[in-house]
Amino acid sequence: MKAIVITKPGEPEVLQLQEVQDPQIKDDEVLIKVHATALNRADTLQRKGAYPPPQGASPYPGLECSGIIEFVGKNVSKWKIGDQVCALLAGGGYAEKVAVAEGQVLPVPPGISLKDAASFPEVACTVWSTIFMTSRLSKGETLLIHGGSSGIGTFAIQIAKYLGSRVFVTAGSEEKLAFCKSIGADVGINYKTEDFVARVKEETGGQGVDVILDCMGASYYQRNLASLNFDGKLFIIGFQGGVSTELDLRALFGKRLTVQAAGLRSRSPENKAVIVAEVEKNVWPAIAEGKVKPVVYKSFPLSEAAEAHRLKESSQHIGKILLVA
């Protein structure tokens, strides 16, 4: 098969389409003929040598895909050859074929094209496993999403609104904020021109928000704590603003705050299967109803992965960028 190979750590041009061995399939896995994959920040980090794949995972980038099942292992019961699916991967999406455990596979949601289905697995599993399964965001509560126009952000806005939350977002341009509002965000904050803590306090009558989904890490840590309501929860899913900061424990103590953090890629297949099952049960109906829509900015052929990475790293996009095999 053909796959995008990281020929050496570096800039986007190190991504090369090459002929490689087909994946080996285990008894509890399916082989998917990939139709499309979607870019995630982890892919750009892996390309630079900063985020190696977990042990045993494919060496090729790509944390999600959509496609058609071409082969099923002998212990697989849920899927059959010819099924149209999308899947959460530990790697290997930037290829013509990928092997994945059956518990990480989802049906293509009703009304969604096979191509656009590739935009859902990583964002849906990340958002559902963090702010819903762990932080327990519930109807009537307020959520602040940093990077509201990202793939994760645009998905989180829609599912949180569907489930009855008030949604605040930060983004770096008026165009991005306008888009976030068009898909349901209640309050948009331009982090380049506004102090998000002050805006959050102003919009909540001084109370703060109940849950924050944060991709920045250290640089936003203190301000995030200051933006939370009593019993608030900060969930960190990225470190774009660094990994190390000073912590005054009294900030947690006084307001009974909880700080949580998790990644998705390094979880066990068993753990991922639990998340995927929850996503199918809770998120897929919202997509089927048309209340959560795919937000796809641009699609590239697989051979143009380098160009797609350049767009991703420019941060000019809104939502997801796809590669079509």
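Taking a cutoff of 4.0 Å between a charged side-chain nitrogen and a carboxylate oxygen, Lys33 and Glu96 do not qualify as a salt bridge. Between Arg41 and Glu313, no side-chain nitrogen of the basic residue sits less than 4.0 Å from a carboxylate oxygen of the acidic one, so the salt-bridge criterion is not met. By the 4.0 Å N-to-carboxylate-O rule, Glu203 lies close enough to Arg166 to be salt-bridged with it. Between Asp186 and Lys161 there is a salt bridge, with a side-chain nitrogen of the basic residue lying less than 4.0 Å from a carboxylate oxygen of the acidic one. With respect to Asp248 and Arg250, a salt bridge is recorded, a charged nitrogen being found less than 4.0 Å from a carboxylate O.
Taking His146 as the reference, Phe196, Tyr220 meet the ring-ring contact (aromatic ring centres under 6.0 Å, His included) condition, with sequence neighbours excluded. For Lys201, the salt bridge (Lys or Arg N to Asp or Glu O under 4.0 Å) criterion is met by no residue, not counting sequence neighbours. Residues passing the side chain to side chain donor-acceptor pair (under 3.5 Å) test with Thr126, sequence neighbours excluded: none.
Contact record, Gly254 with Phe230: O-CE2, 3.5 Å, taken as the closest heavy-atom pair. The shortest non-hydrogen separation linking Gly62 to Asp43 is N-OD1, 3.7 Å. In terms of heavy-atom proximity, Leu225 sits nearest to Ala251 at CD1-CB, 4.0 Å.
Relative to the ring axis of Tyr191, Arg199 does not place its NZ or CZ within 45° and under 6.0 Å from the centre.
Each of Glu280, Glu102, Glu29 was compared with Lys78 under the salt bridge (charged side-chain N to carboxylate O under 4.0 Å, His left out) criterion, and only Glu280 meets it.
A 6.0 Å sphere centred on NZ of Lys255 holds more than 12 heavy atoms belonging to other residues, nucleotides or ligands. By the 6.0 Å contact criterion, CD on Glu175 is open, its count of non-hydrogen atoms from other residues, nucleotides or ligands being 12 or less.
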